[in-house]
Chemist: 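Next up is a structure, given as structure tokens.
These values consider heavy atoms only, across backbone and side chains, with no hydrogens, waters or symmetry-generated copies. Letters A, B, ... mirror the listed sequences (proteins, then strands); counts begin at 1. These numbers were taken from a predicted model, which means no experiment stands behind them.
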Number of protein chains: 2
Amino acid sequence: MNIGQAAAAAGLSAKMVRYYESIGLVAPAVRTEAGYRVYGTEGVHTLRFIKRARSLGFSMDKTSELLQLWRDKSRASADVKAVALEHVAELERKIAELRSMADTLRHLAGHCHGDARPVCPILEELSDTPDRVDRTPPG
Amino acid sequence: MNIGQAAAAAGLSAKMVRYYESIGLVAPAVRTEAGYRVYGTEGVHTLRFIKRARSLGFSMDKTSELLQLWRDKSRASADVKAVALEHVAELERKIAELRSMADTLRHLAGHCHGDARPVCPILEELSDTPDRVDRTPPG
DNA sequence: GCTTGACCTTCCTACGGTGGGAAGGTCCAC
DNA sequence: GTGGACCTTCCCACCGTAGGAAGGTCAAGC
């Protein structure tokens, strides 16, 4: 099985598979005499594992950790769980951040007329100085 | 006002300000004879605008659009609103994606004993083949 | 056998944004 | 005139992925 088929079977591109090998995420593939990488069920299985971990948002580092735990038949499930929950916490942090952005922005948009006139609270919010101490009061 | 002070006043680093100039996001700053960039209230105001837009998660491209709308005194607020709502939609899309990851992962973690034993549904989920047609059924 | 096209190989580039640091110039206070 | 804090440009790194160039290989069809 060549790299293209293996990659397709795992839902990856051949480029990604070569990259994963280059950074040591997966062991170097066996080669044919012509230099072609050869993959078996085992290799595809590993690639699929990586694909899944990446789909769940794990970084390459975390994916590598998970791979090692996966290969270690005497791992403690507590270690896997710890990696997972740490990642969940990070995801939640990012979600909260994006949530805050979206809410702020939607609030501003809600106060924008959205017509042909130039007045716009969104731009005002973006341009207003945070403290108005230095500025002459409007009234 | 030198770049360091201007950057600090806007909540940016000097590096970022130079970068923004290099990609044409802001106009090239006036220079002293010695080549130092000089910023006035106007420039700082613009940098602060950028800082705010970035904080709301706008890409450089979108930030550039917003800047142009900001400078265009005859803009239609509808255009600003459109950019904002488009971004809100993208934020919501990302949030949903992360939400889905977090939920999946937390669900899996909830079924993991998290003790010294190796059995772990998280790793099982990551390694299981999507269709089990090729595999001998377990029973 | 030879051609064609799909695949493979390595190597370089870019992207979005930010940070680090080198090597050198400038400004100001002491 | 010296020290240190600032400035300048330049290159490199990060994280993953994609694109492409230049060349080698394999299998099918004639």
Chemist: In this structure, which one of B/N2, B/V26, B/V17 forms a side-chain contact (heavy atoms from CB on, under 4.5 Å) with B/Y39?
Modeler: B/V17
Chemist: Are any non-hydrogen side-chain atoms of A/H111 and B/K81 less than 4.5 angstrom apart?
Modeler: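 A/H111 does not reach B/K81 side chain to side chain.
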Chemist: Rounding to a whole Å, what distance do you find between B/Y39:OH and D/dC6:P?
Modeler: 16 Å
Chemist: Can you tell me how far P of C/dT18 sits from CD of B/E21, to the nearest Å?
Modeler: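 It works out to 16 Å between those atoms.
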Chemist: Just checking, is any N or O donor in the side chain of B/D61 or B/S59 under 3.5 Å from an acceptor N or O on the other one?
Modeler: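 There is no such pair between these side chains.
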Chemist: Within a strict 4.5 Å, meaning less than it, do heavy atoms of the B/C112 and B/C120 side chains meet?
Modeler: yes
Chemist: Compare every heavy atom of A/L105 with every heavy atom of B/A84, then report the nearest pair and how far apart it is.
Modeler: O-CD2, 4.0 Å
Chemist: Short of 4.0 Å, heavy atom to strand atom, which residues of residues 23-38 of chain B count as contacting DNA chain C?
Modeler: B/A34, B/Y36
Chemist: Within a radius of less than 6.0 Å around NZ of A/K94, do more than 12 heavy atoms belonging to other residues, nucleotides or ligands occur?
Modeler: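 Count not over threshold, so no.
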Chemist: Answer yes or no: is there an ion pair linking A/R106 with B/E92, defined by an N-O contact shorter than 4.0 Å?
Modeler: yes
Chemist: Determine whether a donor-acceptor pair (one donor, one acceptor, N or O, separation below 3.5 Å) exists between the side chain of B/K15 and the base of C/dG17.
Modeler: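 Checked by distance alone, the answer is no.
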Chemist: How long is the line joining CE of B/M1 and P of D/dC6, in whole Å?
Modeler: 13 Å
Chemist: To the closest 0.5 Å, what do you measure between CE (B/M16) and OH (B/Y20)?
Modeler: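 The CE atom of B/M16 sits 3.5 Å away from the OH atom of B/Y20.
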Chemist: For nucleotides 14-17 of chain D, tabulate all protein N/O to nucleotide N/O atom pairs closer than 3.5 Å, reporting atom names and distance.
Modeler:
from   : atom 1 : to    : atom 2 : distance (Å)
D/dG16 : OP1    : A/M60 : N      : 3.4
D/dG16 : O5'    : A/R54 : NH2    : 3.1
D/dG16 : O3'    : A/R54 : NH2    : 3.1
D/dT17 : OP2    : A/Y20 : OH     : 2.7

Chemist: Without decimals, in angstroms, what is the distance between B/R18 CZ and C/dG19 C1'?
Modeler: 12 Å
Chemist: To the closest 0.5 Å, what do you measure between CZ (A/R31) and CZ (A/R37)?
Modeler: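 Reported value, rounded in 0.5 Å steps: 4.0 Å.
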Chemist: Would you call the rings of B/W70 and B/F49 parallel, tilted or perpendicular if under 30° counts as parallel and over 60° as perpendicular?
Modeler: parallel
Chemist: What's touching nucleotides 1-5 of chain C from the protein side, N or O pairs under 3.5 Å?
Modeler:
none

Chemist: How many Å lie between CD1 on B/I3 and P on C/dT26, as a whole number?
Modeler: 17 Å
Chemist: Is the shortest heavy-atom distance from the side chain of A/S77 to the side chain of B/D115 under 4.5 Å?
Modeler: yes
